[in-house]
Amino acid sequence: MSQRPLAAWPRELPTSLQPPRTSVWTNLEISARRYPDKPAFICYGNALTFAELAREAERLAGFLQLRCRVAKGDRVLLFAQNSFEFVIAYYAILRADAVVVPINPMNLTRELRHYVADCGASTAIVAQELWPQVSPLAADGSLAHAIVAAYIDHLGKPTDFRVPDAFKLERQAIAAPNVTLWCDAIAQDLAPAPHTAQPDDLACMPYTSGTTGEPKGCMHTHRSMMHTLVGGGEWFRTLPETVYLAVLPFFHVTGMQGSMNGPIYLGNTVVLLPRWDREAAAELIRRHRVQAWSLIPTMVVDLLASPHAASFDLSSLQRMNGGGAAMPEAIATRLQRDHGIAFVEGYGLTETMAPSHINPPDRPKKQCLGIPIFDTASRVVDPTTLEELPCGEVGEIVTSGPQVFTGYWGKPEATAAVFFERDGRRWFRTGDLGRVDEEGYFFIVDRLKRMINASGMKVWPAEVESQLYAHPDIQEACVIAAKDPRRGETPKALVVVKPARRGEANAQQIIEWARSRMAAYKAPTIVEFVDSLPKSATGKIQWRALQERENARSEPADTAPPR
């Protein structure tokens, strides 16, 4: 770490950490011994204790090893919403010395097929409402084994909260070759082999994408995961008695580390809200005296927009933190004025297993990424020469630290493109343009990578474009970010229609078609027909020029209204 951030460094914290040299699974094993009867997770009034969590994860791990033949280092898909089942399955995979491949539950069969083929997974754990997306992969042999879970199995108590349909769905009698219901797998009560995973073994492989449009698996070890899950607790000086509210998805590294793995390590109780509901969130905070809450700024905007916001009792909250987008200054000011809470922003990527930067809790700056955390160095460099730039100048943010991933699964060229060696360190190129001020705080300015941030979900335009080219009416397409009052940004497709279909193609039909082929958050909500797309001398579509034009426009032309 350079000397610049030290002036802002929290006085009571060390600048370096020594996380335990044990696996992520060991955290649960230890917390289950320390706090066996303490609720690890609470969901719609139902509690799962640390001992119950560990015990069921052990049984599922035994089934994975002895029936599904999952071996050390094998990748296992985890396809479910935030739930007791997600957490149990996650830790069962780790207990089996395997690698968790968490998948966004909004993905469709076509997308799942890529993940399975790319990472070589032969086993998947899937929630039953998502089974229709997975069943074709089981039917054609792409998956050799599937375990299907019903959320209702752990949600027996009545509740006064509005429960999503998937969490009320009775257990389905799904029968197919090599498909096992979760309850039947647990009932076999199979003991797994001794746990042997070491710090540098792979533990988790979340997927990200990029300019190529092809999602890539980010290889994270137990060591890289331990750094941020331990560091988050240290940064905020979290005690085991702290109660969390979890609303961010666990398949994403921010929710995974900050609202699941970190609390398990510390022995905290986590209150789960599987689907965002501002009224339910406020009531859960009041009812359970929630003290810590990681979220994205759009949730704060929505919470304070409630007609009942003035009556919300948020007095137990000691901190709210998050990232994904800058917190609007007016909202941050209102949160501080009305509730006495300073929103603490942070910054990280899938490649850094959540934060590489966080604002000091006692000295946060608004719309700021924060400062590099424990044992982490960060610089702003010239994107061409990779030389460090002076304070205040805009360049690419690069980071070096224990939490940085080892590379992209099976993609050595893509890995080589995002790393460089300098001053005895291996630096990761984030693709984000930013600056650092005289106190060592980092600010984001723009992106080198093409990425759309829709309510905190990353949308990679090249991936969407590759799907749009399969539409029979589309000759060319370019996807950019359009402003959206609810999502912040939303995908917009600029489309050149094939000559034979000009005047006939329908924007709304293209939108519906896209939604049938990709996760809903990726599908364009706006389609604009254009005669041509600007190209460089080499024939590449100049997406940045189109993005700049969109940013300057007040009203898009010839569009289908977003839904």
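The figures here come from the full heavy-atom set of this structure, side chains too, leaving out hydrogens, waters and symmetry mates. Remember, predicted model here, so these are calculated numbers, not experimental data. Along the sequence shown, residues are numbered consecutively beginning with 1.
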### Query
Among pairs that include at least one residue of residues 255-264, which meet salt bridge (Lys or Arg N to Asp or Glu O under 4.0 Å), considering only residues two or more places apart or in two chains?
none

### Query
Thinking salt bridges, do Arg67 and Asp184 make one under a 4.0 Å N-O criterion?
no

### Query
Can you find a heavy atom in the side chain of Glu234 that is under 4.5 Å from one in the side chain of Ile373?
no

### Task
Apply the test side chain to side chain contact (heavy atoms under 4.5 Å, CB included) to residues Leu349 and Tyr347: give CA-CA distance (whole Å), side-chain angles for both, the deciding distance (0.1 Å), then the verdict.
CA-CA 7 Å; Leu349 301 94; Tyr347 168 77; 3.5 Å; yes

### Query
Would you say Gln172's side chain and Glu170's backbone share a donor-acceptor pair under 3.5 angstrom?
yes

### Within 6.0 angstrom of Arg21 CZ, more than 12 heavy atoms from elsewhere
no

### Task
Determine whether Phe86 and Leu78 make a side-chain contact, defined as any pair of heavy atoms from C-beta on separated by less than 4.5 Å.
yes

### Query
Do the side chain of Arg487 and the main chain of Tyr521 share a donor and acceptor less than 3.5 angstrom apart?
yes

### Query
Going from CG on Leu108 to CD on Glu111, what distance comes out if it is rounded to the nearest 0.5 angstrom?
5.0 Å

### Query
Which distance, rounded to the nearest 0.5 Å, do you find between the CG of Asp189 and the CD of Glu58?
10.5 Å

## Note on the structure
Tightest non-hydrogen contact, residues Ala354 and Thr254, listed as CB-CA, 4.2 Å

### Message
With a 3.5 Å distance limit and no angle check, can you tell me whether Gln133 reaches the backbone of Thr109 through a side-chain donor-acceptor pair?
### Response
yes

### Message
Distance check, rounded to the nearest 0.5 Å: Phe50 atom CZ versus Arg55 atom CZ?
### Response
14.0 Å

## Note on the structure
Note: Phe41 and Ser259 closest approach over all heavy atoms is CE2-O, 4.2 Å

### Task
Would you please say whether a donor-acceptor pair under 3.5 Å links the side chains of Asn261 and Tyr90?
yes

### Query
Quick one: does Thr415's side chain have a donor or acceptor within less than 3.5 Å of a partner on Tyr408's backbone?
yes

### Message
Just by distance, no angles: are the side chains of Ser224 and Gln403 close enough, under 3.5 Å, to form a donor-acceptor pair?
### Response
no

### Query
Has the side chain of Thr242 got a donor or acceptor atom that lies under 3.5 Å from a matching backbone atom of Pro240?
no

### Task
Answer yes or no: does atom CG of Asp140 have more than 12 heavy-atom neighbours from other residues, nucleotides or ligands under 6.0 Å?
yes

#### Entry: Under 3.5 Å: donor-acceptor pair, side chain of Asn268, backbone of Leu239
yes

### Query
Judged by atom type as modelled, is there a donor-acceptor pair below 3.5 Å linking the side chain of Ser378 to the main-chain atoms of Val398?
yes

### Message
Quick test of your reading of the model: are Glu512 and Arg515 salt-bridged, counting only N-O distances below 4.0 Å?
### Response
yes

#### Entry: Side-chain H-bond candidate by donor/acceptor type, Glu52 with His154, under 3.5 Å
no

### Task
Measure across Tyr207 and Cys119 and return the closest heavy-atom pair with its distance rounded to 0.1 Å.
OH-CB, 3.3 Å

### Task
Step by step, work out the side chain to side chain contact (heavy atoms under 4.5 Å, CB included) result for Tyr151 and Glu85.
CA-CA 7 Å; Tyr151 304 131; Glu85 285 74 13; 3.5 Å; yes

### Task
Taking the side chain as every heavy atom from C-beta outward, state whether Gln81 and Glu129 have any pair of such atoms under 4.5 Å apart.
yes

### Task
Determine whether more than 12 heavy atoms belonging to other residues, nucleotides or ligands lie under 6.0 Å from atom CZ of Arg34.
no

### Task
Measure up the His195 and His222 rings against each other and bin them: parallel (under 30°), tilted (30 to 60°), perpendicular (over 60°).
perpendicular

### Task
Give the intermediate values and the outcome of ring-ring contact (aromatic ring centres under 6.0 Å, His included) for residues Phe405 and Phe428.
CA-CA 9 Å; Phe405 76 138; Phe428 166 61; 5.6 Å; yes

### Query
Given Leu295 and Leu303, is the side chain to side chain contact (heavy atoms under 4.5 Å, CB included) satisfied, shown in steps?
CA-CA 11 Å; Leu295 66 165; Leu303 182 78; over 6 Å; no

### Message
Between Gln128 and Ile174 (side chain of the first, backbone of the second, donor and acceptor by atom type, cut-off under 3.5 Å), is there such a pair?
### Response
no

### Query
Can you check whether Asp201 reaches Asp97 side chain to side chain, under 4.5 Å on heavy atoms?
no

### Heavy-atom check, side chain of His357 versus side chain of Thr399, under 4.5 Å
yes

### Query
How far does CD of Glu345 sit from CD1 of Ile444, to the nearest 0.5 angstrom?
11.0 Å

### Message
Is the shortest side-chain heavy-atom distance between Ser83 and Cys43 below 4.5 Å?
### Response
no

### Message
Checking Glu56 against Tyr91: is there a side-chain donor and acceptor pair closer than 3.5 Å?
### Response
no

### Summary
Residues Val290 and Leu284: closest non-hydrogen pair is CG2-O, 3.8 Å

### Task
Check side-chain hydrogen bond (donor to acceptor under 3.5 Å, both in side chains) between Asn107 and all other residues, then give those that pass, not counting sequence neighbours.
Lys522

### Query
Would you say Trp427 and Arg429 make side-chain contact, with heavy atoms under 4.5 Å?
no

## Note on the structure
One should read off an interatomic distance between Phe63 CZ and Ile147 CD1, to the nearest 0.5 angstrom, of 5.0 Å

### Non-hydrogen side-chain atoms of Pro102 and Phe250 separated by less than 4.5 Å
no

### Summary
Closest non-hydrogen atoms of Val116 and Ser142, given as atom of the first, atom of the second and distance, are CG1-O, 3.6 Å

### Task
Please identify each residue that fulfils side-chain hydrogen bond (donor to acceptor under 3.5 Å, both in side chains) with Thr406, with sequence neighbours left out.
none

### Query
Considering all heavy atoms of both residues, which atom of Pro524 and which atom of Leu468 are nearest to each other, and what is their separation?
CG-CD1, 4.3 Å

### Query
Can you list the steps and then say if Ile93 with Val99 is a side chain to side chain contact (heavy atoms under 4.5 Å, CB included)?
CA-CA 6 Å; Ile93 296 167; Val99 182; 5.7 Å; no

## Note on the structure
Taken to the nearest 0.5 Å, the spacing of Ile103 CD1 from Ile125 CD1 works out to 12.5 Å

### Query
Distance-only, no hydrogens or angles: does the His220 side chain make a donor-acceptor pair with backbone N or O of Thr350 under 3.5 Å?
yes

### Message
Using a 3.5 Å distance criterion without hydrogens, assess whether the side chain of Lys216 forms a donor-acceptor pair with backbone atoms of Lys411.
### Response
no

